[in-house]
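Structure record follows, encoded as structure tokens.
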Number of protein chains: 2
Amino acid sequence: MCLTDKELSPVDYEHTCMIRGDGGRALRRILDQICNKWTLLVVATLDQGTLRFTDLHHQIPGISQRMLTLTLRNLERDGLITRTVHAEVPPRVEYALTATGKSLIPPALSLAKWAITHAPGIEAAREAHTQKN
Amino acid sequence: MCLTDKELSPVDYEHTCMIRGDGGRALRRILDQICNKWTLLVVATLDQGTLRFTDLHHQIPGISQRMLTLTLRNLERDGLITRTVHAEVPPRVEYALTATGKSLIPPALSLAKWAITHAPGIEAAREAHTQKN
DNA sequence: CAGGATCCCGTTAGATACTG
DNA sequence: CAGTATCTAACGGGATCCTG
């Protein structure tokens, strides 16, 4: 793919093709799943180790029970976390990252670093721009 | 922040705090802006260099004029791209990444690599899971 | 405790038509 | 060429109430 591109340095070539791929469809399928409001936060929180539903609910301020449930179900379906139900009363359900889930931490971290580094500049640009109008 | 956490290895400590931060709010403000359907793709495409509106429209299959316009306006507002209008007939408008915009490529690339690497496994887990129901 | 079921609303984004 | 305007459907996500 991208073999007909010309006048690109090798590094640009690699960049462009890696992200754009088949028009970006394959990438977007995964990214749409990861980049919603809560997924990255849940994964990051589970980086601590095994946690129960209520633990997660307390450690992620602002999330509703509904969204926590949905997010956990999706992560389980995609094989990023495990869900273990203990046959007790009251019930106890524990969530933990799988190997795939853990492998998401470093890339997520690099994005987080970028966001935190550039947040002030972006906010400034945003305000300067809205001032003009 | 996170200074009261205990029994975390230094690396886990760093991971958790970087991403979770103030409950993830600062991170999400930026991420919400980056992780929509088209932004990353537009930035990646502009990594080639300066491009015109129509060039982008052709190189990003599936994007509508409307969404391309909106995405470009947001990127310009946040200082990630420049928009140069040439006073000609017919009009010519050129878009290019700023330094901030270029700095987004490496983190985006690391996420892209993760997505591409784990896409097969995720798809498989997803199908295996839906088979069960 | 760990959700499931509903209702409701704002935002996102696609389609289409029009313009300086 | 490079947009703008308008309408609409779809989806994400919050609030609330209920349950094994």
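Naming: A, B, ... by sequence-line order, numbering from 1 per chain. Keep in mind it's a predicted model, so treat the numbers as computed, not measured.
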Whole Å only: how far is the [atom1] atom of [X] from the [atom2] atom of [N]?
X: A:L51; N: C:dG3; atom1: CG; atom2: C1'; answer: 17 Å
X: A:W38; N: D:dG12; atom1: CH2; atom2: P; answer: 15 Å
X: B:I60; N: C:dG14; atom1: CD1; atom2: P; answer: 12 Å
X: A:R83; N: C:dG3; atom1: CZ; atom2: P; answer: 5 Å
X: B:D55; N: D:dC1; atom1: CG; atom2: C1'; answer: 11 Å
X: A:K37; N: D:dC11; atom1: NZ; atom2: P; answer: 19 Å
X: A:L70; N: C:dT6; atom1: CG; atom2: P; answer: 14 Å
X: A:R52; N: C:dG3; atom1: CZ; atom2: P; answer: 10 Å

Which atom of B:G101 lies closest to which atom of B:V43, heavy atoms considered: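 That would be O-CG1, 4.0 Å.
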For A:Y95, the option from A:D55, A:T82, A:L72, A:L51 that meets side chain to side chain contact (heavy atoms under 4.5 Å, CB included):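 Testing each of A:D55, A:T82, A:L72, A:L51 against A:Y95, the sole residue satisfying side chain to side chain contact (heavy atoms under 4.5 Å, CB included) is A:L72.
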When you get a sec, tell me which of [options] is the closest nucleotide to the side chain of [X]?
X: A:M67; options: C:dA13, D:dG14, D:dG3; answer: D:dG14
X: B:N36; options: C:dA13, D:dG14, C:dG3; answer: C:dA13
X: A:T69; options: D:dG13, D:dT4, C:dG4; answer: C:dG4
X: B:T54; options: D:dG14, D:dC1, C:dG14; answer: D:dC1

Go through the N and O atoms of the side chain of B:R66 and the base of C:dA13, and report whether any donor-acceptor pair is under 3.5 Å. yes
Would you say a side-chain N or O of A:Y95 is under 4.0 Å from OP1 or OP2 of C:dG3?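 For C:dG3, OP1 or OP2 has a side-chain N or O of A:Y95 closer than 4.0 Å.
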How long is the gap from CG on A:N74 to CZ on A:R77, to the nearest 0.5 Å?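 Rounded to the nearest 0.5 Å, the CG-CZ separation comes out at 4.5 Å.
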Look up atom CG in A:L104 and atom OG1 in A:T98, then write down how far apart they are to the nearest 0.5 Å.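 Here the rounded value is 9.5 Å.
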Of A:G62 and A:Q65, the one whose nearest nucleotide on DNA chain D sits closer to the 5' end is A:G62
Donor-acceptor contact present, side-chain A:T45 to main-chain A:L41, <3.5 Å: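 Side chain of A:T45 to backbone of A:L41: a pair is present.
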